[in-house]
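Worksheet for the structure shown next.
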Amino acid sequence: MQIARVNRIKEFDGQKVQLNGWVYNSRRSGKIGFLMLRDGFGIIQCVVVKNDLGEEKFEDFKRLTQETSISVIGTVAKNDRAPGGFEIQTEDFTIIQLSDGYPITPKEHGTDFLMNKRHLWLRSKRQHAILRIRHQIIKATRDFLDSHDFTLVDTPIFTPNACEGTTTLFGTEYFGETAYLAQSGQLYGEANAMAMGRQYNFGPTFRAEKSKTRRHLTEFWMVEPEITFCDFEENMQWAERMVEYIVRQVLENRQNELAVLERDIAPLEKIKAPFPRVSYDECVEMLQKGGFDFEWGGDFGAPDETFIAEHYDKPVIVHRFPSQIKAFYMKRDPENDKLALGMDILAPEGYGEIIGGAERESDYNTLLERVEKENLPKEDFEWYLDLRRYGSVQHSGFGMGIERVVAWICKLPHVRETIPYPRMLGRLRP
RNA sequence: UCCGGUGUAGCUCAGUCGGUUAGAGCAGUGGACUGUUAAUCCACGUGUCGUAGGUUCGAGUCCUACCACCGGAGCCA
């Protein structure tokens, strides 16, 4: 007996197959029944006819409950009345385990209830579609970088201290000293880039901020390319080309999933590089003209970002921020010492910052001054300063938050649905 | 951490001005139906009204504190 998967069911048209999965839903109309079988790869309708299966088997069919695990044997047949165009004319089935009282019914539920049942919620159509798109985004990201000779180099999660000082870190006991969970792999990424030319690190990062917004998780995934012999402008080009590639790959390969989410794809089809560039100075002017009470030197809040992004139908690159609000490792603008060569990419449709990047300071003395000025523990940064001691070169990089990209491309109201098991303020389980 | 909101059946919610017996839809169970698409129709059940105090003849309803959750701010990807 051939075992088929729903996503490949076309290849078995007219053949007798076995399908293994779970009962998504079942309906009956007297002596004929319809069993929606979910196998993880898709959902297919199995037609169950009393006269074909016999009295006893049909009674078994009537006992089936939501999410009961089951093996179905039947013939694949094209039928326009079936969702997906194919159905199974059931000949036999075996109950593997009868599910009892599955909590997620086909009707409405609140987010908190569903999050408490996240391990089961993942089985529903919408969550399945999101996870498939998330995977496509990650795959496209890696394919893009791999095809341009980047090497994936992992960076540590246990670290001795903060890379950017300001953010709150999760501390943990580490054989008698305190270790912190990484909030970024970037500094290690710079070291890796000096070894590999082009590298990216891709892993979970942790921020202990007590943020309660639709954009924040305490554990999230970030990809951070780092490129040697790369200036600020080229860095922006890498970032915009990567975003363009990711969106195109999702549009080409995940149409069904976008349709499940009822995502309007017209705005995504406009995502082509180059993206508009607007300086921080221009943003300040834009905000002030728009009636915002904003002074030069401050950082943008969420409403500010949204206002700026609304002017464009593509992601917008905001560049050259005041150095005082940016991290110590960012290179100063040679044309204006008050500015740092940092950039953020703001997604359209109100999704805010998805990428943050910069050209890095490559001069030893300048970097040392900043470490001292920011009161960073110099001994822990000696290895980082080594990168400027032994063959320092111009280099740049950026970090992209996966969950924010998933939220944007799927047009979800909150990042908590973009990751299988979200970790946020007040959410550690399941 | 701050501001605002919500908490009533397994789920989603209604509950008037404080009034005597707590309400609906869905889910579930039983039945009818040979093409259903979250099927339809008939029948059946369920309550620590978030927790603890207080006001009152009487509290789901008013007051206080606490807890949980939701939204927003700050911070960030």
Side-chain angles (χ1 to χ4, degrees), chain A residues 24-36 43-53 58 62-63 65-66 77 79-85 87 89 99-117 124-126 164-169 182-186 203-224 239 298-306 325-327 343-347 351-357 398-408 413-416 418-419 424-427:
Chain A
Y24 196 73
N25 196 2
S26 81
R27 297 180 269 278
R28 255 181 306 136
S29 182
K31 298 187 180 75
I32 186 169
F34 301 91
L35 161 63
M36 304 306 290
I43 295 175
I44 195 163
Q45 172 167 290
C46 303
V47 186
V48 182
V49 179
K50 190 175 185 177
N51 291 346
D52 297 350
L53 276 84
F58 200 74
K62 286 158 81 171
R63 288 169 51 222
T65 53
Q66 211 189 340
N79 194 320
D80 290 340
R81 289 173 293 188
E87 65 184 16
Q89 289 157 349
S99 165
D100 184 22
Y102 188 69
I104 304 176
T105 62
K107 295 286 173 177
E108 57 201 307
H109 299 285
T111 314
D112 188 49
F113 173 80
L114 290 168
M115 271 302 170
N116 288 332
K117 306 270 180 273
S124 68
K125 267 186 200 165
R126 178 184 163 83
E164 303 184 28
T166 53
T167 1
T168 325
L169 298 171
Q183 58 170 338
S184 163
Q186 186 209 309
T205 46
F206 307 88
R207 309 250 166 120
E209 285 149 358
K210 295 189 173 177
S211 301
K212 279 183 83 169
T213 79
R214 65 183 68 191
R215 288 198 269 276
H216 286 88
L217 297 167
T218 53
E219 177 183 294
F220 65 98
W221 287 70
M222 187 153 67
V223 59
E224 296 176 284
D299 211 347
F300 302 132
D304 307 323
E305 282 186 355
T306 303
I325 58 169
K326 287 292 172 183
M343 59 99 174
D344 285 352
I345 299 187
L346 309 180
Y351 282 90
E353 187 181 349
I354 52 170
I355 282 178
F398 59 93
M400 183 178 83
I402 294 300
E403 287 75 20
R404 287 191 182 173
V405 174
V406 177
W408 162 48
H414 199 298
V415 288
R416 66 188 158 210
T418 65
I419 187 166
M424 356 181 242
L425 190 61
R427 171 68 62 189

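Letters A, B, ... are given to chains in the order of the sequence lines, protein chains preceding strands, and every chain is numbered from 1. Given the structure is predicted, the values throughout are model-derived calculations rather than measurements.
Contact annotation: side chain of Arg404(A) to base of rC76(B), donor-acceptor pair present below 3.5 Å. In terms of polar N and O atoms assigned as donor or acceptor, the side chain of Glu87(A) comes within less than 3.5 Å of the base of rG35(B) in a complementary pairing. Side-chain atoms of Thr105(A) and base atoms of rC26(B) include no donor and acceptor less than 3.5 Å apart. Side-chain atoms of His109(A) and base atoms of rC11(B) include no donor and acceptor less than 3.5 Å apart.
A distance of about 11 Å separates the C1' atoms of rG60(B) and rG7(B), rounded to the whole Å. rG25(B) and rC66(B): their P atoms are spaced 39 Å apart (whole Å). Atom name C1', nucleotides rU46(B) and rG54(B): the rounded distance is 32 Å, in whole Å. Of the P atoms belonging to rA22(B) and rA32(B), the separation is 36 Å, rounded to the nearest Å. Across rA14(B) and rA24(B), the matching P atoms stand 16 Å from one another, rounded to whole Å. Nucleotides rU12(B) and rA73(B) have their P atoms positioned 26 Å apart, rounded to a whole Å. Going from the P atom of rU16(B) to that of rC57(B) covers 22 Å, rounded to whole Å. With both ends at atom C1', the span from rU6(B) to rC49(B) equals 14 Å, rounded to whole Å.
The distance between atom CD of Glu353(A) and atom P of rC76(B), rounded to the nearest whole Å, is 9 Å. Residue Phe220(A) contributes atom CZ, which lies 12 Å from atom P of rC76(B) at whole-angstrom precision. Going from atom CG of Asn116(A) over to atom P of rA68(B) covers 13 Å, rounded to whole Å. Regarding Lys212(A), its NZ atom lies at a distance of 10 Å from the P atom of rG72(B), rounded to whole Å. Between the CE atom of Met115(A) and the P atom of rG71(B) there is a distance of 10 Å, rounded to whole Å. For Met424(A) and rG71(B), the CE to C1' distance is 13 Å, given to the nearest whole Å. Atom P of nucleotide rU34(B) and atom CG of Leu35(A) are separated by 19 Å, given to the nearest angstrom. If you measure from atom CG of Asn25(A) to atom C1' of rU40(B), you get 14 Å, rounded to the nearest angstrom.
Thr105(A) and Gln66(A) are not linked by any side-chain donor-acceptor pair at a separation below 3.5 angstrom, with hydrogens and angles left out of the test.
Across all strands shown, rU20(B) forms no Watson-Crick or G-U wobble pair with both distances under 3.5 Å. Base pairing annotation: rU29(B) forms a Watson-Crick or G-U wobble pair with rA43(B), both donor-acceptor distances under 3.5 Å. Pair assignment for rA65(B): rU51(B), on the basis of Watson-Crick or G-U wobble contacts that are both within less than 3.5 Å. Nucleotide rG71(B) forms a pair with rC3(B), judged by Watson-Crick or G-U wobble geometry with both contacts under 3.5 Å.
Across all strands shown, Asp344(A) has no heavy atoms under 4.0 Å from either base or sugar-phosphate atoms. Counting any heavy atom pair closer than 4.0 Å across all strands shown, Arg416(A) reaches sugar-phosphate atoms only and no base atom. As judged by a 4.0 angstrom heavy-atom cut-off over every strand, Gly33(A) is placed among residues making no nucleic acid contact. Within the nucleic acid shown, Pro103(A) has no heavy atom closer than 4.0 Å to any nucleic acid atom. Within the 4.0 angstrom heavy-atom criterion, no nucleotide atom of any strand lies near Thr111(A). Here Ile355(A) lies in heavy-atom contact (under 4.0 Å) with sugar-phosphate atoms only. Across all strands shown, Lys50(A) has no heavy atoms under 4.0 Å from either base or sugar-phosphate atoms. Across all strands, Gly101(A) comes closer than 4.0 Å to no nucleic acid atom at all (heavy-atom distances). Counting any heavy atom pair closer than 4.0 Å across all strands shown, Gly426(A) reaches sugar-phosphate atoms only and no base atom.
For Thr205(A) (side chain) and Phe220(A) (main-chain N/O), a donor-acceptor pair under 3.5 Å exists by modelled atom type. Here the side chain of Arg404(A) pairs no donor or acceptor atom with the backbone of Val415(A) at under 3.5 angstrom. A donor-acceptor pair under 3.5 Å is absent between the side-chain atoms of Ser99(A) and the main chain of Thr65(A), judged by distance alone.
Counting heavy atoms from C-beta outward, Glu353(A) and Leu346(A) have side chains that approach closer than 4.5 Å.
In the set rG35(B), rA38(B), rC76(B), rC76(B) carries the atom at the smallest distance from any side-chain atom of Arg215(A). Among the nucleotides rU34(B), rA73(B), rC69(B), the one closest to any side-chain atom of Lys31(A) is rU34(B). For Ile32(A), counting side-chain heavy atoms from C-beta on, the closest listed nucleotide (rA77(B), rC11(B), rU34(B)) is rU34(B). Side-chain atoms of Phe34(A) lie closest to rG35(B) of the nucleotides rG74(B), rG35(B), rG71(B). Set against rA77(B), rG35(B), rC11(B), the side chain of Gln45(A) has rG35(B) as its closest nucleotide.
If Phe300(A) and His414(A) are placed on RNA chain B by their nearest nucleotide, the residue sitting closer to the 5' end is His414(A).
Cation-pi contact between Lys117(A) and Phe113(A): present, with separation from the ring centre below 6.0 Å and deviation from the ring axis of at most 45°.
One distance of note links NE2 of His414(A) with CZ of Arg215(A); it measures 10.5 Å at 0.5 Å rounding.
The phosphate of rA73(B) has neither OP1 nor OP2 within less than 4.0 Å of any side-chain N or O from Arg214(A).
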Salt bridge (charged side-chain N to carboxylate O under 4.0 Å, His left out) between Arg427(A) and Asp112(A), worked out
CA-CA 10 Å; Arg427(A) 171 68 62 189; Asp112(A) 188 49; 3.0 Å; yes
